Amino acid sequence: MKTTHRSIYEDVQVQFNKAADLINMNPGIRSILSQTANEIVVHFPVKMDDGHVRMFTGYRVQHNNILGPYKGGLRYHPSVDLDDAKALATWMTWKTAIAGLPYGGAKGGVQFDPSKCSVGEIERITRRFTYSLGNNIGPEYDIPAPDVNTGPQTMAWILDTYMSTRSQGERNNCLHVVTGKPINSGGTLGRDRATGFGVVTTIAEWAKENKMNLSKATYTVQGFGNVGSWSAHFMKEKGAILLAVEDISGILYSEKGIDPDQLMEFAKSNNGKIGSYPNAATITHKEFLSLKADIFIPAALSNQITLETAPLLNVKLVAEGANGPTTPEADEVLQQRGIGLIPDVLCNSGGVTGSYFEWLQNKRSEYWELEEVMEKIRKKVTEGYANVSSTAKAHKTDLRTAAYIVALNRLEKAYIERGIFP
Ligand code: GLU
């Protein structure tokens with residue numbers, strides 16, 4: 001639900017301009033980063049189960065690649081459009097720069113509702129979309145990954161289609177054209193939980209700094225897909241209590257707490273939906289947002305915390321598992337109300353960091369143990385948090401603006417070192 005007058009890409013510009021002003025950014029570099037490099041829109045036909053042919057529109061927006069190949073997810077959702085993809089691609093550039101990864105930023109997807117399609121149809125949509133993208137993606141050029149409503153199976157289809165359309169000798173050199181693959185098809189252990197693990201790692205760092213004891217801390221989660229469910233799993237490891245969960249199928253509430261692992265099992269056997277989970281009561285959306293808790297983890301879509309909803313929140317911290325859940329105006333409301341916020345580009349950076357380690361293993365034909373992958377993600381995300389936090393103190397600003405400053409400084413430096421071709 002979009003409630004602001006501006007588009008989401010314009011919201012990104014508001015965030016960007018605030019940080020660019022603060023660091024007095026080089027105007028030429030500022031103009032480069034305020035635009036996306038490539039915007040690919042493809043229209044392609046797919047034969048549906050009933051035999052009729054339906055046209056689909058797919059997007060891949062590549063924002064910037066000064067620090068390395070374009071990187072970012074593909075989502076399947078009716079809300080996917082060019083503006084959305086531009087915003088999400090830009091956030092990926094900041095995210096990979098903050099995480100210190102040798103990547104740029106990209107994002108894309110197909111505009112449709114996968115819940116209304118069969119598995120066979122989704123497979124054909126995925127394969128034909130990959131075919132249409134052609135050489136606009138590649139293992140050293142632009143590397144897609146899972147996002148909203150896509151997962152390891154989607155990545156396996158993309159990989160298979162991409163490989164099948166290469167020449168014989170190239171086929172086994174391109175395992176790293178996508179990350180977030182199933183383990184058997186070149187995925188890494190830990191990529192499934194990487195984003196949620198990163199979310200909780202940043203929450204733990206924030207809690208340390210702000211003297212919040214996570215054991216027995218209460219929290220709520222919006223969205224119980226990959227990010228929400230794994231975040232809740234790792235919050236349970238810290239001893240925190242899940243009071244309420246909202247997804248498209250319903251809203252669950254329990255004063256005593258909901259067991260995230262049990263709920264994850266339930267969701268797995270119910271098409272990912274939590275609405276009919278028996279061990280909790282139901283509340284309204286407004287009650288969910290107004291619930292008193294220590295932490296709120298939005299882990300669904302963008303534009304959820306707005307001028308209308310920000311005044312309702314009754315928490316000490318918002319940890320953005322989703323991309324873009326808070327509008328710039330809502331950011332200000334939260335700040336005025338003294339509510340802390342860990343921004344998306346830092347909070348959910350564990351996912352793309354996990355992707356990076358998958359990509360590295362593929363490139364080197366290596367296989368790393370789960371503990372090794374998780375420890376490497378923990379280290380990167382913790383470093384990212386420390387950098388952003390110290391930048392916030394140095395510039396006397398909020399964590400979102402500080403995260404942008406970290407990213408923009410890295411990107412500006414690279415442009416200054418290299419100059420502009422020709
Ligand atoms: N879609 C995820 C994100 O928004 C992961 C991207 C990736 O792993 O490349 O960060």
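Only a predicted model underlies this, so the values are computations on that prediction, with no experimental measurement involved. Atoms within a ligand are numbered from 1 in the order they appear, just like the ligands themselves.
By the 30° and 60° cut-offs, the orientation of the rings of His285 relative to Phe288 is parallel.
Contact annotation for Thr195 and ligand 1: no heavy atom of the residue comes within less than 4.0 Å of the ligand. When heavy-atom distances to ligand 1 are checked against a 4.0 Å cut-off, Arg191 comes that close only through its side chain, counted from C-beta outward. If you look at Ser349 next to ligand 1, there are no close heavy atoms at all, none under 4.0 Å.
Aromatic pair Phe129/Phe56: ring centres not closer than 6.0 Å. Between Phe357 and Trp368, a ring centre-to-centre spacing shorter than 6.0 Å is recorded. Aromatic ring centres of Tyr103 and Tyr70: separated by at least 6.0 Å.
Of all atoms in ligand 1, listed by their number and element, those nearer than 4.0 Å to a heavy atom of Gly73 are 1 (N), 6 (C). Close approach of ligand 1 to Lys107 is summarised as follows: ligand atoms under 4.0 Å from at least one heavy atom of the residue are 1 (N), 3 (C), 4 (O). Per-residue contacts place Val352 under 4.0 angstrom from the following atoms of ligand 1 (heavy atoms of the residue considered): 7 (C), 8 (O), 9 (O). Close contacts between ligand 1 and Met92 involve ligand atoms 3 (C), 4 (O), 6 (C), 10 (O) [criterion: under 4.0 Å to a heavy atom]. When each atom of ligand 1 is checked for a heavy atom of Ser355 under 4.0 Å away, the hits are 7 (C), 8 (O), 9 (O).
Nearest protein heavy-atom neighbour of atom 9 (O) of ligand 1: Lys71 NZ, 2.7 Å. For atom 7 (C) of ligand 1, the closest heavy atom belonging to the protein is Ala145 CB, 3.3 Å. Of all protein heavy atoms, the one closest to atom 1 (N) of ligand 1 is Asp147 OD1, 2.7 Å.
Panel note: side chain Ser389, backbone Tyr385; no donor-acceptor pair is recorded below 3.5 Å.
Considering backbone and side-chain atoms together, Pro146 places an N or O closer than 3.5 Å to an N or O of ligand 1. By the 3.5 Å distance cut-off applied to N or O atoms, Lys95 is counted among the residues near ligand 1.
Tested against Phe16 for a ring pair (Phe, Tyr, Trp, His ring centres under 6.0 Å), the candidates Trp91, Trp94, Tyr404, Tyr9 yield a single pass: Trp94.
For the pair Asp84 and Lys107, the salt-bridge criterion is not met [side-chain N within less than 4.0 Å of a carboxylate O]. A salt bridge links Asp160 with Arg127: at least one charged nitrogen is closer than 4.0 Å to a carboxylate oxygen.
Put simply, no part of Gly180 is less than 4.0 Å from ligand 1, judged by heavy atoms.
Judged purely by distance below 3.5 Å, without hydrogens or angles, the side chains of Lys18 and Thr397 never pair a donor atom with an acceptor atom.
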